Each structure stands twice: as structure tokens, then as C-alpha cells.
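For clarity, every value in this text was computed on a predicted model and none was experimentally measured.
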Amino acid sequence: MILSREQKWLFTTFLQSILRRNYLAFTTTNKVFEPLNHCGFSLCTRTLKPPSSFMKHTHLPRGIVASCANVSAIAVPSLILFSFGLCVPGCAVAQPVTPDTAEALVYSTMPSTSAHSPQMAMDGREGTYFKSVYGMGDGDDFMILLSKPVTATSIRVSTGDADDQDLLTNGYIETSPDGMTFTRAASFDAKGVAAATLANVPIKALRIKVNPRTSISTLNVREITINSPSKISHVQMGPGRAWSDLSRAPDLAVWAHKAEGQMEDFWPDATALLYSNGFITPNKVNVVYRGGPGVTDVAATGGGVMTVNVKWAREHPDDTGLTVHEMAHVVQAMSAYNPVWLIEGIADYVRWVRYEPQNFTYRIDLTKSWNEPYRTSAAFLGWCEIHYDHLLVTHLNDDIRFGRYKDSLWKKYTGKDADTLWAEFLVQYKADPKSVLIPPMDPADRPRLLPPVTAGTSVSTVLTNSFNGTGIYRDGANFDVGSGFDDGGAAFPSDTFGSRVTWKDVRFDLGKGDAANIISSKGQQIALTRGKYASLWLLGAAVEGGQRAQEFVVNYSDGSKQVFTQNVSDWYAPQNFPGESRAVKAPYRNMGDGSKDPRTFYAYSYGFALDKTKEVASLTLPNNPNVKIMAITLAN
């Protein structure tokens with residue numbers, strides 16, 4: 001399969017939009033989606049840049065190539081790759097791009113379904129059509145944006161379903177030479193058709209609207225035809241974006257540009273968060289900046305239009321994130337504004353918990369309940385996702401969207417009713433307000449400072465009788481394939497280690513090379529040099545990959561214990577775990593046949609603060625033979 005750069009970019013961004021709409025769960029992992037690599041595609045968690053030839057002819061804000069949502073489980077229905085091209089239901093088969101071809105992006109302020117997706121309005125088949133889920137008002141529109149202007153001799157738009165129902169008869173089509181300024185081209189007739197003969201007029205965009213102060217129950221677009229010497233080679237949904245009208249507030253151009261970028265960057269993430277099976281959310285909103293009596297105090301969204309109060313925007317130059325909240329309402333695409341508190345709470349969750357948590361200031365009134373809108377419910381939703389169901393917002397938004405929401409659903413998804421959850425939330429909030437949206441962290445993953453050590457205070461633990469393996473050999477030595485540091489015929493070089501290692505004023509005394517000199521941890525108890533010390537230090541590493549959450553238990557002479565949980569890096573792959581330092585860097589390792597493996601390997605030091613008022617007696621190692629200990633030191 002040979003595809004141009006333009007096709008690769010267009011098809012890759014198309015797949016991204018499919019992934020976002022069809023995700024099942026997403027995480028913070030960064031994984032590349034591999035199956036298309038053999039075709040020359042790279043579909044990964046990064047921003048994709050379109051080829052310069054596309055951008056040269058296309059007026060697109062940066063959101064047109066918005067960053068990809070991280071997905072760990074996906075479903076791409078009915079996606080077929082043919083050896084002679086690429087075909088997706090509702091899309092034209094991709095053809096080689098030439099100077100006489102253009103690509104089309106489809107935008108809609110109205111939601112639809114996979115059965116009647118937006119790209120079906122321009123797939124060349126009269127039997128398929130776009131159908132909006134809800135009605136269309138005079139603020140809504142359906143638009144085709146081309147990658148470059150094409151000269152058109154005529155245009156035709158037919159509406160209605162296969163039975164000629166739901167015809168659009170009170171609307172019109174507009175065309176634009178630049179994708180920004182539009183003029184009326186034709187009105188729809190009684191048969192639901194709008195057609196115009198053009199004198200080679202350049203067209204960059206075409207949009208469908210209803211007449212002012214009118215509406216229809218649903219928009220069905222049967223087929224859009226642009227007759228032109230240039231061929232439309234590919235049709236796909238465009239990534240979500242905003243079109244702004246600054247005619248009444250040109251001084252807010254900088255504010256609006258920043259807001260557009262924020263919305264467009266986070267639009268795919270919001271689409272994934274607010275996913276419903278088979279439901280295609282709007283990918284367009286028209287933003288107007290207005291002031292005066294009767295205008296919303298801050299911002300409001302509905303009917304394809306987001307209205308921003310100019311006074312608020314001027315007085316709050318840093319509050320452009322409010323449009324992310326409003327963009328969430330566009331993606332929510334609710335049939336009814338009920339329950340208000342939860343719809344607004346989810347929109348604030350998208351903004352504050354997901355988009356800009358660093359700026360989230362909780363506003364929790366302890367006298368109120370869990371069904372308070374905006375920041376209160378946003379924080380509560382975030383807390384419930386951390387502790388109970390990480391897809392809670394996705395589930396609840398889906399229930400609201402289809403009229404299924406009821407309070408009992410909280411118990412279905414979390415196992416507890418909302419009152420019980422709220423009581424638990426308040427306990428944690430009262431104890432530490434700043435921690436309520438911080439996920440629980442394993443002790444081994446928590447950042448910590450290493451205890452200070454005064455030079456000359458190190459006291460080594462004699463491990464001669466505790467060593468149960470040989471992991472350090474001289475160069476050229478032959479040893480058994482079942483031995484070595486990794487129990488697989490590889491070992492550290494004694495020439496690099498010598499008999500002693502000092503790391504940041506901590507002295508580690510090592511066993512002799514070619515003899516027993518390491519401990520494979522098997523839960524054994526190691527006697528320590530009795531005394532009162534400020535810190536305990538280990539020298540060692542893991543094999544067979546990093547070993548996480550390993551417990552080392554210090555036993556004091558009074559019978560008390562102190563447990564330390566530590567992640568241990570593999571000797572070949574440092575992971576910079578908390579409390580871990582690269583103490584020794586070996587430029588190679590010795591192999592059992594006398595050869596050298598010329599890669600770099602490491603031994604790490606681990607420091608733990610002790611209760612210096614107590615006398616140490618012993619150290620219990622984790623029961624994991626993949627954790628290897630080379631030396632143990634106590635210090636002050």
C-alpha cells in the first residue's frame with residue numbers, strides 16, 4: 001500500500017478520532033498503537049503535525065491536530081484495510097493525492113450516531129445519510145471544510161431519509177472562499193434540495209443552516225455534491241474546534257485565540273471522558289462574544305453557540321479555561337438539562353480535575369451535600385473516581401445523556417450510596433483538604449530525602465555467614481552458567497568494585513571476588529551490629545526486571561519493628577526509584593565463559609532513616625530471590 005504524506009496524516013487523524021470515540025478505558029501510560037506501523041503510520045500519544053502541503057492551503061488553528069488521548073483499551077468497529085486503498089463506512093476510499101484533488105473535513109454542532117455519521121453526508125451514496133440525534137436551531141450548522149479552495153461549477157445538497165421524511169425546507173446553504181467568511185448560495189426547496197450553478201467560484205467551505213428564528217426536529221443530510229475539476233479524494237470528521245465571532249469585541253482577540261487553543265487541545269480528551277457507545281459527539285461550536293443586558297454573567301452554551309460575556313473576559317484575562325467547561329457541555333450533548341447539578345459538576349470536573357488541576361481551588365461548603373453543582377460536585381466526582389470507580393464520570397454522563405440517571409446508580413458503580421461516599425469524602429477533606437484529589441500512593445513510590453551521614457560513622461555488617469551466592473568475579477574467570485549475580489551465568493567485575501565502595505560518605509565493605517559475596521533475599525534475618533544508629537544503608541540490585549514494593553524490616557532489641565518499602569531497579573535498567581542512588585557503574589559484566597558483556601550495569605545504594613533512640617538487632621530481607629544484597633551498613 002503506497003500512500004502520500006497527506007493521506008497518511010489524514011487517515012492517522014481519522015483513526016485518532018475513531019479511537020477517541022470508541023475507547024473503553026484510558027490510562028496515563030504512553031503506548032504506541034503498532035498495527036499500522038508497517039503501512040508507514042505512527043499513531044501514538046503525541047501531537048501529529050500535518051504535512052506542509054496541507055497547511056499551505058488550509059486555514060487551521062492548532063487544534064486541528066490536537067493531542068491524542070491515551071488509551072489502553074480500544075474498539076475500532078468495521079475498519080477495513082484494503083491492499084488497494086483504505087475504506088471506512090461512510091468515507092470515500094482514499095485515492096492518491098494530486099494537485100487536482102482536495103480532502104474534506106466534516107464538522108457538526110449536533111450529535112449523531114455511528115449508523116448515520118457526519119461523513120455519510122458526502123460519501124457518494126444516496127442510500128446513506130447523516131442524521132442528527134436532536135433538533136437543529138438557527139445557531140447550529142453542518143459544515144464541510146476543504147484542505148484547499150476548489151473552483152466549483154455547481155453545488156447540490158439533498159436532505160431527508162430514504163422515505164423522503166425529515167426534509168429541510170426552511171434552510172439554506174452558504175459557501176466560503178477562505179473558511180471564515182460566508183455568503184448565501186441557495187435555499188432549500190419543498191423537496192429538501194438546495195442547488196446552485198456557479199461560475200467557477202472558489203469554495204473552501206460549505207455549510208448548512210436553518211432560517212433565522214426557526215428550527216427543525218432533526219437534520220438529515222442525504223448527499224452533498226460539489227461539482228469541480230478538483231476531486232474530493234477523502235472525507236473524514238475533523239478534530240473538535242471552535243469558530244469565534246469577535247466582531248463586537250475585537251480587543252479580545254488574544255483572549256479568544258488562547259481559549260480556542262485550550263478547547264481544541266482538550267477536545268479529544270473530553271470526548272473520550274464523556275464517551276457513549278455508538279454516539280458521535282459534536283466537533284464544532286460557534287463562539288460569540290457579547291455584552292449588555294440579558295447576556296450571561298460569565299459564559300453559556302446551547303444550540304451550537306457558546307456565548308462569552310465580554311465584561312467578564314476583559315476583567316479576567318487569565319480565565320480562558322472557562323471555555324473548557326463550556327466545551328464539555330458541547331461534548332455532553334444532553335437532550336435535557338437535568339439534573340443540573342450533575343451536568344454542571346461534570347463540566348467543572350472536565351475543566352478543574354482533568355484539564356487544569358493545578359489551578360483547582362476547592363469550594364466545599366461543609367454544611368451542603370454532594371449534589372451541589374460546579375466545584376463541589378467536581379471535587380466529589382474526582383475523589384470517587386480515585387477511590388472507587390475510575391470510569392464513574394463516563395458512566396454517569398452516559399446515563400444522563402440517555403435519560404437513565406437516578407441517585408441509586410452511585411451504589412451500582414461504587415458499591416456505596418452517595419450519602420456514604422460524601423461522608424467519607426468530608427472526613428478526608430477535613431483532615432487534609434489538599435489531599436482529596438491525590439491518588440493513594442504506595443509507600444515505595446513516595447518521594448523521600450535520604451538521611452544525612454557524617455563521614456567516618458559507617459559501621460559495616462559482617463555478612464560472611466549470610467552470603468548464599470557469588471555475584472562478583474574477576475575478569476576472565478570461568479563459572480557455572482547457573483550461578484553469577486543473575487543466577488544465569490553473568491556477574492559484576494571485581495576489578496570495578498574492589499573490596500570497598502564509598503558512596504556519599506557511606507562505606508560498603510564487600511565480600512571477596514570469586515567467592516560467596518551476595519545474598520539472594522529469601523526472607524532471612526540478618527544480624528546487625530548492635531547499637532543506636534541514625535540510618536541503614538544497603539548496596540545491591542535486582543535481576544529479572546525491577547522489583548517493586550520490597551519490604552525490609554528492621555528489628556530492634558526491644559522487640560519493636562520498623563518496616564521500609566523499597567522499589568529496587570534491575571542491574572541493567574535504572575528506574576531512579578525514591579531512595580535509590582547509582583552507587584557503582586560497571587562498564588561491563590563478566591560472563592561464565594570468561595568473556596565480557598560490554599554493556600553498562602549498576603549496583604544501587606538505598607538509605608533508610610532509623611529510630612536512633614533504639615538499639616538495632618537484625619534486618620529481615622524480603623522473600624524474593626531476585627533482590628540481591630551485596631553489603632549492609634549502619635551510620636550516623
Side-chain angles (χ1 to χ4, degrees), residues 17 21 64 90-92 103-126 128-147 152 155-161 165-176 179-189 192-196 203-212 214-226 232 235-243 245 267 271 279-287 301-306 330-331 333:
S17 68
R21 290 200 307 274
I64 200 71
C91 291
E103 296 81 26
L105 298 178
V106 187
Y107 286 93
S108 172
T109 62
M110 300 156 285
S112 57
T113 65
S114 55
H116 299 287
S117 62
Q119 53 268 46
M120 290 181 180
M122 206 172 181
D123 62 1
R125 298 194 291 267
E126 285 284 334
T128 61
Y129 54 92
F130 162 81
K131 181 178 182 179
S132 66
V133 174
Y134 310 135
M136 180 182 190
D138 60 0
D140 288 302
D141 64 72
F142 186 88
M143 189 173 82
I144 303 297
L145 178 67
L146 302 179
S147 59
I155 54 176
R156 185 179 188 275
V157 178
S158 59
T159 64
D161 60 20
Q165 300 296 314
D166 297 319
L167 301 176
L168 174 58
T169 58
N170 59 331
Y172 56 95
I173 55 175
E174 297 179 315
T175 61
S176 170
M180 302 299 291
T181 56
F182 288 83
T183 57
R184 184 181 294 218
S187 297
F188 285 92
D189 59 23
V193 175
I203 293 180
K204 177 68 181 296
L206 177 151
R207 70 183 180 188
I208 302 170
K209 294 181 68 67
V210 297
N211 295 332
T214 66
S215 62
I216 54 177
S217 60
T218 183
L219 174 65
N220 286 13
V221 182
R222 181 87 61 85
E223 193 62 34
I224 297 173
T225 304
I226 301 175
I232 307 299
V235 181
Q236 71 172 69
M237 280 194 69
R241 59 167 289 192
W243 268 259
D245 173 9
W267 202 300
T271 301
F279 188 88
I280 300 176
T281 58
N283 62 343
K284 182 181 191 290
V285 67
N286 299 306
V287 185
T301 299
V305 178
M306 179 189 303
V330 176
V331 176

Can you list the steps and then say if Q165 with N220 is a side chain to side chain contact (heavy atoms under 4.5 Å, CB included)? CA-CA 9 Å; Q165 300 296 314; N220 286 13; over 6 Å; no
Show the nearest heavy-atom pair for residues F142 and P118, with the distance to one decimal. CZ-O, 3.5 Å
Spacing of CD1 belonging to I144 relative to CD1 belonging to I203, to within rounding of 0.5 Å: 11.5 Å
Report yes or no: does Q119 contribute a side-chain atom to a donor-acceptor pair with the main-chain N or O of Q236 at less than 3.5 Å? no
Donor-acceptor contact below 3.5 Å, side chain T281 vs main chain V331: no
CZ-NZ distance between R241 and K284, expressed to the nearest 0.5 angstrom: 8.0 Å
Between I232 and M122, does a side chain to side chain contact (heavy atoms under 4.5 Å, CB included) hold up when you go through it step by step? CA-CA 9 Å; I232 307 299; M122 206 172 181; 4.1 Å; yes
Partners of T181 by side-chain hydrogen bond (donor to acceptor under 3.5 Å, both in side chains), sequence neighbours excluded? D178
D161 backbone acceptor or donor facing R222 side chain under 3.5 Å: yes
Residue from I224, T159, D141 passing side-chain contact (heavy atoms from CB on, under 4.5 Å) with I208: I224
Shortest non-hydrogen contact between G179 and A205, atoms and distance: CA-CB, 3.9 Å
Closest contact, heavy atoms only, G160 versus Y129: O-CG, 4.4 Å
Determine whether T113 and V133 satisfy the following criterion, side chain to side chain contact (heavy atoms under 4.5 Å, CB included), listing intermediate values before the conclusion. CA-CA 7 Å; T113 65; V133 174; 3.8 Å; yes
Could you give the distance from OG1 (T109) to CE (M143), rounded to the nearest 0.5 Å? 10.5 Å
Check: residues 166-175 side-chain donor-acceptor pairs under 3.5 Å, at least two apart:
| unit_1 | atom_1 | unit_2 | atom_2 | d |
| --- | --- | --- | --- | --- |
| N170 | ND2 | T214 | OG1 | 3.4 |
| E174 | OE1 | R207 | NE | 2.5 |
| E174 | OE1 | R207 | NH2 | 3.0 |

So, for L146 and A104, which heavy atoms are closest and what is the spacing to 0.1 Å? CD2-CB, 3.7 Å
Distance-only side-chain donor-acceptor flag, S112 / S117, under 3.5 Å: no
Which heavy atom of D140 sits nearest a heavy atom of G135, and at what distance? OD2-O, 4.1 Å
Which residues satisfy the side-chain contact (heavy atoms from CB on, under 4.5 Å) test with V287, sequence neighbours excluded? A242, S244, M263, V285, Y289, M306, V308
Side chain to side chain contact (heavy atoms under 4.5 Å, CB included) between I155 and T225, worked out: CA-CA 6 Å; I155 54 176; T225 304; over 6 Å; no
When rounded to the nearest 0.5 angstrom, what is the spacing between CE in M110 and NZ in K131? 13.5 Å
Could you state the interatomic distance from CG (N286) to OH (Y107), rounded to the nearest 0.5 Å? 12.5 Å
For the atom pair CG (L219) and OG (S108), what is the distance rounded to the nearest 0.5 Å? 7.5 Å
Side-chain heavy atoms of E223 within contact of D123, under 4.5 Å: yes
Do W267 and P239 come close enough that some side-chain heavy atom pair is under 4.5 Å? no
Could you pull out the closest heavy-atom pair between A333 and P282, with the gap in Å? CB-CD, 3.8 Å
